[in-house]
Amino acid sequence: MTEQSVVTTEKAKPVLPDAQIVKSVTHYTDHLFSFRLSRPQSLRFRSGEFVMIGLMGDPDEKTGKQRPLLRAYSIASPSWDEELEFYSIKVQDGPLTSKLQNIKVGDEVIVRPKPVGTLVLDALLPAKRMYFIATGTGIAPFASLMRDPDLYERYDEVIMCHTCREVAELKYGADLIASLATDPLIGEMVGDKLKYYPTTTREESPKMGRITTLMKDGTLAADLGLPPLNPETDRLMVCGSMGLNTDIKEICEAAGLTEGSNSAPAEFVVEKAFVG
Ligand code: A2P
């Protein structure tokens, strides 16, 4: 069940420096939640980038001073959105997420105004087809990019692959993708260009298995009627654990694709999913 709190009361102005106001919070599982914040007027970013966000830590035992507790988080909302969205794990003894998971509408969250990252469209050379490959909360940068009209202007076909342990962990992405079809802003652009390929590894679902296995054994290609990876036509963006990133990098390089970056665009880009 998704538990959502909606805006009821709001503080007029943030009190902390760089703080933004919580607009909504949605809990997906005991380990996953998303939240939306007000957006600093001056914050410009490219869909797919990340920023440092956080809360004030506990007062120092000796000095009583509080320091901000910050972690890197992919911005899950697109660059045109007037709010900022984030998707996070909850770790019961995690310094930040043990507190962050309790935020309520009207609370403040610090957002440092320096977006960076490699999962941006400009880091890839033009091509026909884009693969987004994510595990767990690694879907966050793609939640941003899937809502960016630029993606559909640049690519004829977008394949969103998301692997999680359990079905409930797919819900954030599944709901988002379902909502795109009727999105007044980009619904028409998305059309049938976006193909969603969710898989689970530890709970029964229509498609089981790690995405790496399903790519290597030809299941993904057979299921979606796709040709083998080709540097001429295909681009990939990868966001997950170190293991996933290394394994997909190997698959890409074996198919003749070269890793790109902001300064040297090429055929695939990789970023570690951030742990809050
Ligand atoms: P698995 O259950 O087989 O480990 P985690 O919760 O550990 O971050 O994992 C999220 C999802 O990513 C799980 O479904 C997990 O599968 C999968 N996964 C972990 N490592 C890899 C990898 N190297 N390649 C592909 N999928 C992976």
Side-chain angles (χ1 to χ4, degrees), residues 2 26-35 48 50 71-74 76 86-98 100-101 117-119 130-146 158-177 195-224 226 228-229 234-255 257 259 267-276:
T2 305
T26 307
H27 292 275
Y28 292 92
T29 70
D30 289 349
H31 305 286
L32 291 169
F33 72 117
S34 70
F35 52 96
F50 64 87
R71 295 284 183 275
Y73 269 82
S74 287
F86 298 94
Y87 183 47
S88 178
I89 52 167
K90 308 177 194 176
V91 181
Q92 293 321 321
D93 56 358
L96 179 60
T97 64
S98 60
L100 196 61
Q101 64 182 288
T118 54
L119 301 180
M130 171 71 93
Y131 288 85
F132 289 153
I133 300 183
T135 54
T137 54
I139 196 169
F142 306 130
S144 171
L145 285 156
M146 281 191 287
V158 178
I159 295 138
M160 177 71 244
C161 303
H162 191 201
T163 298
C164 291
R165 295 180 181 200
E166 294 166 14
V167 175
E169 297 167 342
L170 293 167
K171 186 167 169 57
Y172 171 76
D175 284 357
L176 180 110
I177 290 153
K195 309 224 165 37
Y196 177 43
Y197 197 76
T199 82
T200 57
T201 51
R202 306 200 190 183
E203 187 187 0
E204 201 68 38
S205 77
K207 185 57 65 177
M208 304 263 321
R210 288 183 166 194
I211 191 61
T212 40
T213 311
L214 301 168
M215 286 174 86
K216 280 188 203 155
D217 70 9
T219 307
L220 170 69
D223 284 346
L224 298 186
L226 298 166
L229 279 185
D234 299 324
R235 300 291 173 261
L236 288 90
M237 288 191 177
V238 188
C239 190
S241 61
M242 285 307 278
L244 173 90
N245 293 357
T246 311
D247 293 352
I248 299 278
K249 192 173 148 108
E250 269 176 33
I251 294 175
C252 288
E253 286 173 350
L257 280 75
E259 187 165 359
E267 289 139 6
F268 73 95
V269 278
V270 175
E271 202 155 75
K272 195 173 172 299
F274 302 106
V275 177

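Note that ligands are numbered from 1 as they come in the structure, with each ligand's atoms numbered from 1 the same way.
Among protein heavy atoms, atom 7 (O) of ligand 1 sits closest to Arg165 NH2, 2.9 Å. For atom 17 (C) of ligand 1, the closest non-hydrogen atom of the protein is Thr135 CG2, 4.0 Å. In terms of protein heavy-atom proximity, atom 16 (O) of ligand 1 is nearest to Thr201 OG1, 3.3 Å.
Taking distance alone, with nitrogen or oxygen atoms compared against 3.5 Å, Gly136 stays at or beyond that limit from ligand 1.
No side-chain heavy atom of Ile159 sits under 4.5 Å from any side-chain heavy atom of Met130.
Each of the following atoms of ligand 1 lies closer than 4.0 Å to a heavy atom of Thr212: 24 (N), 25 (C). When each atom of ligand 1 is checked for a heavy atom of Ser241 under 4.0 Å away, the hits are 20 (N). Close approach of ligand 1 to Thr163 (heavy-atom distance below 4.0 Å) involves ligand atoms 11 (C), 14 (O).
The residue among Glu169, Met215, His162, Arg210 with a heavy atom at the shortest distance from atom 3 (O) of ligand 1 is Arg210.
Aromatic ring orientation, Tyr87 versus Tyr172: parallel (interplanar angle below 30°, classes split at 30° and 60°). Using bins of under 30°, 30° to 60° and over 60° for the plane-to-plane angle, the ring pair Phe132/Phe142 lands in the parallel bin.
Note on Asp223 versus Lys207: salt bridge recorded, some NZ/NE/NH1/NH2 to OD/OE distance being below 4.0 Å. For the pair Arg202 and Glu166, the salt-bridge criterion is not met [side-chain N within less than 4.0 Å of a carboxylate O].
Only the side chain of Asp247 comes within contact range of ligand 1, with a heavy atom under 4.0 Å; no backbone atom does. Residue-level proximity to ligand 1 for Arg202 is carried by the side chain, the only part with a heavy atom below 4.0 angstrom.
Atom 24 (N) of ligand 1 lies below 4.0 Å from at least one non-hydrogen atom of the protein.
Every heavy atom of Ile211 sits 4.0 Å or more from the atoms of ligand 1.
Side-chain contact, Ser98 with Gln92: no donor N or O sits under 3.5 Å from an acceptor N or O. In summary, the side chains of Thr199 and Thr163 do present a donor paired with an acceptor at a separation below 3.5 Å, with no hydrogens or angles considered.
Screening Val238, Leu229, Ile211, Val158 against Tyr131 for a side-chain contact (heavy atoms from CB on, under 4.5 Å) leaves a single residue, Leu229.
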